[in-house]
4 protein chains.
Amino acid sequence: MSTERLVKCDFMPRKDGDVTRNRILQIAEKLFSEKGYDGAGVNEIALLAGVNKATIYYHFKDKQDIIVSLFHNIMEEVDAHQQLQADKQKAEGSIRSKIKNEILFLETKKKILAVILMESLKDNKDDTLFFCAKTIMYQEIGNSEIKDKKVREAFSMHEFFTGFLPLISFVVYREKWCRYFNCSETTALNVFLDVFEKTHLNTHIIK
Amino acid sequence: MSTERLVKCDFMPRKDGDVTRNRILQIAEKLFSEKGYDGAGVNEIALLAGVNKATIYYHFKDKQDIIVSLFHNIMEEVDAHQQLQADKQKAEGSIRSKIKNEILFLETKKKILAVILMESLKDNKDDTLFFCAKTIMYQEIGNSEIKDKKVREAFSMHEFFTGFLPLISFVVYREKWCRYFNCSETTALNVFLDVFEKTHLNTHIIK
Amino acid sequence: MSTERLVKCDFMPRKDGDVTRNRILQIAEKLFSEKGYDGAGVNEIALLAGVNKATIYYHFKDKQDIIVSLFHNIMEEVDAHQQLQADKQKAEGSIRSKIKNEILFLETKKKILAVILMESLKDNKDDTLFFCAKTIMYQEIGNSEIKDKKVREAFSMHEFFTGFLPLISFVVYREKWCRYFNCSETTALNVFLDVFEKTHLNTHIIK
Amino acid sequence: MSTERLVKCDFMPRKDGDVTRNRILQIAEKLFSEKGYDGAGVNEIALLAGVNKATIYYHFKDKQDIIVSLFHNIMEEVDAHQQLQADKQKAEGSIRSKIKNEILFLETKKKILAVILMESLKDNKDDTLFFCAKTIMYQEIGNSEIKDKKVREAFSMHEFFTGFLPLISFVVYREKWCRYFNCSETTALNVFLDVFEKTHLNTHIIK
DNA sequence: CATGAATGAGATTTCATTCAT
DNA sequence: GATGAATGAAATCTCATTCAT
């Protein structure tokens with residue numbers, strides 16, 4: 001439902017309702033990332049979004065529905081982003097610059113990514129993390145094309161644990177890491193790129 | 001962990017209270033890892049631990065105190081483990097087998113590690129994750145010995161993002177990953193070791 | 001009931017609004033009878049009636065106004081029905097067949113009758129139940145004609161507790177009763193008529 | 001659970017908890033009878049019972065559990081009462097005096113009986129009304145002894161619709177009825193007994 | 001005539017915590 | 001050491017109602 005609304009409004013006079021809905025989502029994303037899903041209250045979301053508590057329940061079935069909508073949205077955005085990247089693929093420059101762009105893109109999603117990570121650690125059925133991993137990492141080569149089971153397993157493992165996870169971990173932990181290890185954020189980015197290139201990129205199984 | 005405490009108490013008048021205390025910690029660890037700290041209630045912990053709710057507040061100042069105790073314990077255990085490893089270091093075999101042992105050790109702590117990860121993602125002051133990272137990864141070389149700031153930064157980055165994080169991520173996500181990608185858990189371990197060797201270990205800055 | 005309204009409006013400029021209004025009343029009647037007045041929400045009524053919640057407030061002052069309208073309508077209908085019956089009175093057959101017809105008529109009102117019963121049991125000022133009782137049972141003799149207080153009391157008591165209440169109870173409980181006592185609905189009607197004849201009708205004070 | 005508690009406490013030093021629990025039940029009974037189950041709030045119950053809202057949820061799983069406990073209790077009480085009556089049966093006097101006693105007993109339960117009636121009118125699975133009907137009315141003759149299906153049906157119908165229902169209706173409506181028809185409550189009882197004798201008792205199928 | 005959006009008040013329920021025993 | 005009972009505060013969610021369009 002959330003999607004339909006958003007799509008519709010791309011070429012329709014956006015109604016007030018969607019503005020409100022999006023403001024709620026935006027605040028929820030922020031609070032969930034700061035306190036965790038269970039740590040952030042609907043009350044607080046309403047307060048910061050400047051709407052009545054009941055308004056939240058007008059736009060969302062329940063609290064779960066808020067996080068589900070956020071996950072739904074991010075999946076769509078990641079999908080759209082990857083499709084875009086796929087088009088530019090051959091034309092552009094070095095692999096390092098591509099990774100840098102990827103990080104810059106993920107940086108804009110870092111709040112929701114933190115939420116996804118937290119939720120993915122719980123004992124639930126949510127697979128958003130794996131969905132994002134697949135969409136973000138498998139662009140380089142269609143995973144389905146790898147026929148050999150063993151090769152495919154190694155590839156997935158490589159991509160997920162030494163590619164995707166370090167990447168988004170860097171995005172979500174950078175700030176805290178820099179604070180703890182007393183390091184500037186830009187230095188961190190460059191050093192990370194060096195390290196990432198050396199470990200993950202240079203060891204790609206396929207090409 | 002419960003064992004460890006009991007061992008310590010071998011030459012102290014062992015009270016029944018410690019049994020209860022440890023049962024509470026054990027259940028709390030389980031529930032926190034399944035539902036997150038905020039998602040698990042004191043009620044539920046008491047119920048599953050088979051004790052009265054008030055008993056929890058006899059043993060712990062408040063809910064925070066439970067998780068703090070868990071974090072405290074794990075830090076001690078990791079510390080102790082690393083000291084033990086340091087002793088055997090030279091004697092033993094390949095680096096791969098050392099990593100395997102490390103994983104087997106971490107596997108026994110995977111529930112509390114998941115909790116640490118969740119909590120570290122929030123906007124709080126908890127540094128348990130970084131403490132664990134330092135203790136587990138810096139055994140090889142005393143980090144403090146690296147004088148050059150740049151080298152030290154690169155080293156830390158390397159250790160944290162492409163060493164420690166993939167390692168504990170593998171431990172906490174293995175089950176979910178295998179279920180999602182339809183792969184046996186033992187295969188996963190071997191493949192991971194291959195990948196980890198190739199990416200992280202082979203690229204160690206300092207030997 | 002909805003039909004009745006439309007008939008009335010045959011010689012009035014029939015607005016579309018009446019259709020909506022009647023659909024709301026019809027659904028409200030159904031929901032109130034299923035869940036009680038307080039148990040049924042305006043939301044639900046709007047949903048099932050296929051109209052916007054605000055539409056309900058266009059047609060009715062507030063929720064009370066819905067049930068008041070329903071009560072008003074049923075009182076009018078019972079009144080009209082009794083006047084009709086009074087005309088045919090002498091011409092027609094046995095008292096048993098008259099009661100049967102009465103039951104068949106009440107059957108069409110059984111939802112609202114259940115609501116009236118529920119509301120009449122509460123501590124409120126609503127007298128719809130007594131109004132219906134009077135209208136339905138006192139047709140036989142103008143109650144006001146009975147001058148003697150004692151006779152009038154006995155008559156009212158007889159009519160209300162052993163005439164009216166068994167009658168409408170049969171109508172509203174028939175289904176549940178048949179289900180619970182495992183009895184067909186037609187059998188139930190015949191047996192009830194036997195019983196009612198023997199108990200109430202044969203003991204009429206006034207002929 | 002509620003039962004067990006009560007039973008236990010008959011010969012045990014009644015703990016404070018049961019006092020509280022019973023006060024809650026008592027107030028709930030009052031409020032439910034005055035406003036209906038949905039019309040009465042847990043807040044209000046807590047307030048009048050002089051306990052904290054949370055205390056109610058310490059003693060009862062949820063709001064439903066309160067009404068279920070009430071129904072459970074009344075069923076036990078009715079059962080116990082009937083067993084007692086069965087013993088005295090032969091010794092005592094006229095059927096009229098027995099009915100009078102019955103009414104005086106039911107009078108003490110009239111609040112919960114009103115609640116049972118309200119709830120029984122809704123579309124739910126609750127059979128408390130039928131249970132009470134069976135227990136109260138079938139004492140005279142073991143219903144199960146009637147072999148012939150037709151006779152049994154007629155008997156049940158007779159007992160339920162012209163015996164039980166007028167009886168409890170009288171109990172729950174007496175006050176309102178007297179107010180509406182401007183009649184004293186004692187007169188009402190006597191007149192009702194006359195009417196009930198003539199209609200229901202004199203027409204008993206079996207003796 | 002009807003609706004989408006919004007809301008204040010209040011509903012039910014849960015939370016971490018305390019205390020007398 | 002441990003517990004049953006209780007609680008204030010806050011959580012999630014629902015309610016009847018309003019209003020601009």
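Every chain is numbered from 1 and lettered A, B, ... according to where its sequence line falls, protein lines coming before strand lines. Just so it is clear, the model here is predicted, and its values are computed rather than measured.
At whole-Å resolution of the value, NZ in D/Lys63 and C1' in E/dT14 are 17 Å apart. Atom-to-atom, CG of C/Leu47 to C1' of F/dT14 comes out at 14 Å; the value is rounded to the nearest Å. Nucleotide E/dC1 holds its P atom 20 Å from the OH atom of C/Tyr57, rounded to whole Å. Straight-line distance from the CG atom of D/Asn22 to the P atom of F/dA5: 12 Å, rounded to whole Å. Spacing between atom CG of C/Asn43 and atom C1' of E/dT7 amounts to 14 Å, rounded to whole angstrom units. Rounded to whole angstrom, the span from the CD1 atom of C/Ile56 across to the P atom of F/dA16 amounts to 10 Å. To the nearest angstrom, P of E/dT17 lies 8 Å from NZ of B/Lys61. What separates NE2 of D/His59 from P of F/dA5 is a distance of 6 Å, to the nearest Å.
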Requested in this report: Check step by step if side chain to side chain contact (heavy atoms under 4.5 Å, CB included) holds for D/Ile112 and D/Phe32.
Outcome: CA-CA 8 Å; D/Ile112 189 63; D/Phe32 288 166; over 6 Å; no

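Here the nucleotide nearest the side chain of D/Asp62, chosen from E/dA16, F/dC13, E/dT13, is E/dT13. For D/Thr55, whose side chain is taken as the heavy atoms from C-beta onward, the closest listed nucleotide among E/dT17, E/dA2, F/dT7 is F/dT7. In the set F/dT18, E/dA16, F/dG4, F/dT18 carries the atom at the smallest distance from any side-chain atom of C/Ala54. If you check F/dT14, F/dT17, F/dT7 against the side chain of D/Val51, the one that comes closest is F/dT7. Distances were taken from every side-chain heavy atom of A/Thr20 (C-beta onward) to each of E/dA5, F/dA6, E/dT17; the shortest belongs to E/dA5.
A donor N or O paired with an acceptor N or O is not found under 3.5 Å between the base of F/dT3 and the side-chain atoms of B/Lys53.
Annotation: side chain of D/Phe60 is in contact with side chain of D/Arg21 (closest heavy-atom distance under 4.5 Å). Looking only at side-chain heavy atoms (C-beta outward), B/Leu129 and B/Leu121 stay at 4.5 Å or farther from each other. Counting heavy atoms from C-beta outward, A/Tyr37 and A/Gln64 have side chains that approach closer than 4.5 Å.
Under the Watson-Crick or G-U wobble criterion, with both distances below 3.5 Å, F/dA20 is paired with E/dT3. With a 3.5 Å ceiling on both atom-pair distances, the Watson-Crick or G-U wobble partner of F/dA11 is E/dT12.
Toward the 5' end of DNA chain F, the nearer of the two residues A/Gly41 and B/Tyr58, judged by each one's closest nucleotide, is B/Tyr58. Toward the 5' end of DNA chain F, the nearer of the two residues C/Gly39 and B/Asn52, judged by each one's closest nucleotide, is B/Asn52. Checking D/Asp38 against A/Gly50, the closest nucleotide of DNA chain E that is more toward the 5' end is the one next to A/Gly50.
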Residues 38-46 of chain C, side-chain donor-acceptor partners within the protein, below 3.5 Å, at least two apart:
{"residue": "C/Asp38", "atom": "OD2", "partner": "C/Lys122", "partner atom": "NZ", "Å": "2.7"}
{"residue": "C/Glu44", "atom": "OE1", "partner": "C/Lys35", "partner atom": "NZ", "Å": "3.4"}
{"residue": "C/Glu44", "atom": "OE2", "partner": "C/Lys35", "partner atom": "NZ", "Å": "2.5"}

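Counting any heavy atom pair closer than 4.0 Å across all strands shown, D/Ala40 reaches sugar-phosphate atoms only and no base atom.
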